[in-house]
Amino acid sequence: MRIITLCLSVWYWAILPYLSCLCTSWLIWNVEKRGCKASGGNMTSTATTTEGKKARPAKRDPEGVRRDILAVAMEEFSQNGLSGARIDEIAARTKTSKRMIYYYFGDKEGLYQHVLEEAYSKVRGGESNLALDHLDPMTALDALCRYTFEHHRRSPAFIRMVMIENIHHGRHVQMSKSIRSLNRPAIAALEAVLKRGQDSGVFREGIEALELHWQISALSFFNVSNAPTFSSIFGEDLFTPQAQQTLARHVAVMVLRYVVRPEHIDAIGSDER
């Protein structure tokens, strides 16, 4: 019995330091946890004022946070697609949280749809800034063609997003309440340009704005969507900065020569408008 008592005594004094450390660690963790809850989950230390009072952490602008999330999400979705994009990655790069992203956009598909809407909003906003109604019809059509080509060339993420959405059969575009309304003014603006050109006798009759929009988009879209395969097969000659400027000019000339009446073709010039 004495031997058992002696063994227990030795064992108790041997583990006592470890028990003390464990209890201390638990107390520290518990205090920090309570402090974290009281401060809204912020575990970082806050700066103190000259009076020794804790300064409140600076609040982030909600609209700025939303813009940051959309910008990073555009890169993530355009690179990895809807299924491959990771909300964790977007949260890490924007220094937010998944909970905040879901608060703004609902879920992953909601964020994807908002990215699509933002992308279309930017391209249509750029078209509005052209002020086509203040230009003569030929200059207006030339400006629209060049703008579309340049926008697509400088916005490969937008092109990839459209390609990804086509893989999904346009499902999110159909669900969007704003994308159709964003794009209707583009057709209306082109109709107005065509009408002014036809009324002045410069443009041919019978040209539909929707079809012409399709043609301008097709010429500009292919330049980006098929660049990797085209350049791999035929080389990079058409994708240098100088060659891209030439292509933009030629696209505008092709469209104008399709629209302008034969007696006004010479007004287009060679291709240097």
Side-chain angles (χ1 to χ4, degrees), residues 63 66-82 85 105 109-135 137 139-194 208-228 239 241 244-245 247-256 259:
E63 188 56 34
R66 186 179 182 277
R67 286 195 301 269
D68 289 346
I69 292 171
L70 285 173
V72 172
M74 167 73 96
E75 295 179 22
E76 182 70 12
F77 283 123
S78 66
Q79 290 290 341
N80 302 303
L82 175 57
F105 303 103
E109 292 212 16
L111 175 58
Y112 171 84
Q113 185 168 310
H114 276 83
V115 168
L116 270 177
E117 291 169 351
E118 183 71 10
Y120 275 107
S121 177
K122 285 182 178 179
V123 65
R124 299 310 171 213
E127 288 174 352
S128 298
N129 292 337
L130 295 174
L132 299 178
D133 52 336
H134 295 295
L135 302 174
T139 302
L141 188 53
D142 178 84
L144 180 61
C145 290
R146 292 175 188 250
Y147 165 78
T148 304
F149 189 93
E150 283 299 312
H151 171 273
H152 290 4
R153 183 172 77 88
R154 297 178 185 276
S155 307
F158 169 75
I159 301 300
R160 288 194 296 269
M161 286 294 295
V162 175
M163 293 168 69
I164 290 165
E165 179 59 10
N166 275 288
I167 290 174
H168 293 280
H169 307 288
R171 177 164 57 91
H172 301 88
V173 168
Q174 293 170 16
M175 293 191 306
S176 173
K177 296 179 181 179
S178 64
I179 289 180
R180 287 189 180 183
S181 62
L182 281 169
N183 284 276
R184 288 193 191 100
I187 304 303
L190 189 51
E191 283 178 342
V193 171
L194 284 173
E208 294 292 332
L210 183 60
E211 181 182 340
L212 189 60
H213 173 79
W214 183 94
Q215 291 165 341
I216 295 169
S217 294
L219 289 168
S220 303
F221 195 95
F222 181 91
N223 180 59
V224 183
S225 65
N226 288 52
F239 299 96
Q244 287 287 288
Q245 290 180 10
L247 276 176
R249 188 169 67 246
H250 288 172
V251 165
V253 169
M254 280 191 286
V255 172
L256 283 168
V259 170

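None of the values given here were measured: they were computed from a predicted structure.
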Pair Leu247-Leu219, side chain to side chain contact (heavy atoms under 4.5 Å, CB included): steps then yes or no:
CA-CA 10 Å; Leu247 276 176; Leu219 289 168; over 6 Å; no
Tell me the closest heavy-atom pair linking Glu165 and His172, and the distance in Å.
OE2-N, 2.7 Å
Hey, is the main chain of Leu135 close enough, under 3.5 Å, to the side chain of Thr139 for a donor-acceptor pair?
no
Tell me, with the steps shown, if Leu144 and Thr148 meet side chain to side chain contact (heavy atoms under 4.5 Å, CB included).
CA-CA 6 Å; Leu144 180 61; Thr148 304; 4.1 Å; yes
First locate atom CD of Gln174, then atom CD of Gln113, and finally report the distance between them rounded to the nearest 0.5 Å.
11.0 Å
Interatomic distance, Ile179 atom CD1 to Glu118 atom CD [nearest 0.5 angstrom]
11.0 Å
Listing request: all side-chain hydrogen bond (donor to acceptor under 3.5 Å, both in side chains) pairs with a residue in residues 219-228, at least two apart in sequence or in separate chains.
Asn223-Gln244
Verify, without hydrogens or angle tests, whether Ser155 (side chain) and His152 (backbone) share a donor-acceptor contact under 3.5 angstrom.
no
Parallel, tilted or perpendicular for Tyr147 and His151, by the 30°/60° rule?
tilted
Tell me whether Arg180 at atom CZ has more than 12 heavy atoms from other residues, nucleotides or ligands lying less than 6.0 Å away.
no
In terms of side-chain geometry, is the basic nitrogen of Arg146 or Glu150 positioned less than 4.0 Å from the acidic oxygen of its partner?
no
Hey, what do you get for SG (Cys145) to CD (Gln215), rounding to the nearest 0.5 Å?
10.0 Å
What is the distance from atom CG of Leu132 to atom CD of Glu127, rounded to the nearest 0.5 Å?
8.0 Å
Looking only at heavy atoms, the pair that brings Val193 and Pro137 closest together is CG1-O, 3.7 Å
Side-chain donor/acceptor of Ser181 to backbone N/O of Ser178, under 3.5 Å
yes
Is there a side-chain contact between Leu212 and Glu208 (heavy atoms, below 4.5 Å)?
no
Looking at every non-hydrogen atom in both residues, tell me the closest pair between Ile164 and Leu82 and how far apart they are.
CG2-N, 4.2 Å
Check the angle between the aromatic planes of Phe77 and Tyr112 and answer parallel, tilted or perpendicular using the 30° and 60° thresholds.
perpendicular
Under a 3.5 Å distance rule, please check whether Tyr120 uses its side chain to pair with a backbone N or O of Val115 as donor and acceptor.
no
How long is the span from the CE atom in Met74 to the CD1 atom in Ile69, to the nearest 0.5 Å?
15.0 Å
dist Leu210:CG -> Leu190:CG (nearest 0.5 Å) comes out at 9.0 Å
Test Phe149 against Ile216 for side chain to side chain contact (heavy atoms under 4.5 Å, CB included), laying out the working first.
CA-CA 8 Å; Phe149 189 93; Ile216 295 169; over 6 Å; no
Salt bridge Glu117-Lys122, side-chain N to carboxylate O under 4.0 Å
no
